[in-house]
Amino acid sequence: LLEAIADAPGVNCVLAGDGPMRSELERRAAELGIAERVAFLGAVDSRSVASLYAGADLLVLPSVSEASPLVVVEAMASGVPVLATRVAGVPTFVDDFRTGFLVRPGDRGELGVALRFLMRDTALRERMSERARQTAHERHPWSAVARRYEQLYRSVLPAPVEPLAPTDPVHDLALAA
């Protein structure tokens, strides 16, 4: 992603979250001469996530391996188009050329071209934004997402656990856009 940003003059990037690679990524941004265009926020309070999405033109998720990342559904539900790699469960969420773009994992050139293309075409991002929001609410409502995760967790638990009642807060999750 940082290399794609370096190839996209005028494009800024906000990275939320912390991890063992943060200092290496900050160093790499400085080496690429883009440190002033990349903000490393660190850990973000869950109450601040909606405002990050509200200010985003695009979610970029250039993973080389992934399961079914909730960040994609969160972004789409907030009306943020997604530029992601075509790995694991990501294509089940992102409709290529409709709610975002899917690129080959590890292909910096393809990621960079898609990033520059999307950032130059405001009208396309706006159409994708509306389609992303609609798709997320129709195909991936939070109650269904919570049920899928609950089923996944149950499948790996050694002992049976009582299912969550439909009135539990986890079933009523909503992301303010």
Side-chain angles (χ1 to χ4, degrees), residues 1 4-5 8 11-19 39 41 43-105 107 110-111 113-156 163-177:
L1 175 58
I5 296 292
V11 174
N12 298 318
C13 179
V14 174
L15 296 170
D18 250 334
L41 300 184
V44 176
D45 184 278
S46 62
R47 292 169 287 178
S48 303
V49 172
S51 64
L52 285 174
Y53 287 131
D57 292 315
L58 186 64
L59 171 77
V60 183
L61 186 68
S63 301
V64 292
S65 70
E66 202 60 74
S68 293
L70 280 178
V71 67
V72 170
V73 179
E74 289 174 350
M76 289 174 59
S78 298
V80 178
V82 176
L83 169 56
T85 46
R86 197 176 281 109
V87 294
V90 175
T92 63
F93 297 123
V94 180
D95 292 332
D96 205 10
F97 293 92
R98 185 168 157 70
T99 62
F101 282 166
L102 295 170
V103 298
R104 287 186 302 265
D107 191 329
E110 189 176 6
L111 179 67
V113 166
L115 178 63
R116 289 189 305 276
F117 181 79
L118 283 167
M119 292 309 295
R120 288 182 184 141
D121 194 335
T122 303
L124 175 61
R125 282 196 325 273
E126 287 172 356
R127 286 191 306 275
M128 286 181 164
S129 172
E130 186 52 42
R131 290 175 184 151
R133 186 185 324 274
Q134 182 180 5
T135 298
H137 291 289
E138 288 174 0
R139 292 192 341 215
H140 308 291
W142 290 116
S143 58
V145 171
R147 271 194 304 282
R148 286 194 297 261
Y149 272 87
E150 180 184 357
Q151 290 167 351
L152 172 66
Y153 293 147
R154 285 183 186 295
S155 73
V156 297
L164 292 173
T167 57
D168 286 345
V170 73
H171 285 276
D172 297 322
L173 287 176
L175 181 63

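Keep in mind that this is a model prediction, so the values were computed, not measured.
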> Which pair of heavy atoms, one from Glu110 and one from Asp107, lies closest together, and at what distance?
Replying inline: N-OD1, 2.9 Å
> Can you name the nearest heavy-atom pair linking Ala16 to Leu52, along with the distance?
Replying inline: CB-CD1, 4.2 Å
>> Could you measure the distance from the CE atom of Met76 to the CZ atom of Arg133? Nearest 0.5 Å is fine.
In response: 11.0 Å
> Less than 4.5 Å apart, any side-chain heavy atom of Leu124 and any of Phe117?
Replying inline: yes
> Where is the tightest heavy-atom contact between Gly17 and Val44, given as atom of each residue plus distance?
Replying inline: N-CG2, 4.4 Å
>> Could you check whether any side-chain N or O of Thr135 sits under 3.5 Å from a backbone N or O of Arg131, counting only pairs where one atom can act as donor and the other as acceptor?
In response: yes
> Which pair of heavy atoms, one from Leu61 and one from Pro69, lies closest together, and at what distance?
Replying inline: CD2-CG, 3.7 Å
> So Val87 and Ser65, side-chain contact (heavy atoms from CB on, under 4.5 Å) or not? Walk me through it.
Replying inline: CA-CA 6 Å; Val87 294; Ser65 70; over 6 Å; no
> Has the side chain of Ser78 got a donor or acceptor atom that lies under 3.5 Å from a matching backbone atom of Ala54?
Replying inline: no
> Given Val82, which of Val73, Thr99, Val94 fulfils the side chain to side chain contact (heavy atoms under 4.5 Å, CB included) condition?
Replying inline: Val94
>> Checking Tyr53 against Val71 for the side-chain contact (heavy atoms from CB on, under 4.5 Å) test, could you report, in this order, the C-alpha distance in whole Å, the side-chain angles of both residues, the deciding distance, and whether it holds?
In response: CA-CA 10 Å; Tyr53 287 131; Val71 67; 3.2 Å; yes
> Backbone N or O of Ser48 within a donor-acceptor pair of the Ser51 side chain at under 3.5 Å?
Replying inline: yes
> Do NZ/NE/NH1/NH2 and the carboxylate oxygens of Asp121 and Arg116 come within less than 4.0 Å?
Replying inline: no
> Can you check whether Leu58's main-chain N or O pairs, donor with acceptor, with Arg125's side chain at less than 3.5 Å?
Replying inline: no
>> Quick check: closest heavy atoms across Val103 and Ala114, and the distance to 0.1 Å?
In response: CG1-CB, 4.0 Å
> Quick one: CD on Gln134 to CD on Glu138, what's the gap to the nearest 0.5 Å?
Replying inline: 4.5 Å
> Knowing that exactly one of Thr85, Leu111, Val90 qualifies, which makes a side chain to side chain contact (heavy atoms under 4.5 Å, CB included) with Pro105?
Replying inline: Thr85
>> Return the CZ to CD distance between Phe93 and Glu74, rounded to the nearest 0.5 Å.
In response: 10.5 Å
> Looking at side-chain heavy atoms only, is the closest gap between Ser129 and Val80 below 4.5 Å?
Replying inline: no
>> Using side-chain contact (heavy atoms from CB on, under 4.5 Å), reason through Arg139 and Asp95 one step at a time and then give a plain yes or no.
In response: CA-CA 12 Å; Arg139 292 192 341 215; Asp95 292 332; 3.2 Å; yes
> What do the steps show when you test Leu118 against Leu83 for side-chain contact (heavy atoms from CB on, under 4.5 Å), and what is the final call?
Replying inline: CA-CA 9 Å; Leu118 283 167; Leu83 169 56; 4.2 Å; yes
>> Tell me the closest heavy-atom pair linking Val14 and Leu41, and the distance in Å.
In response: CG1-CD1, 3.4 Å
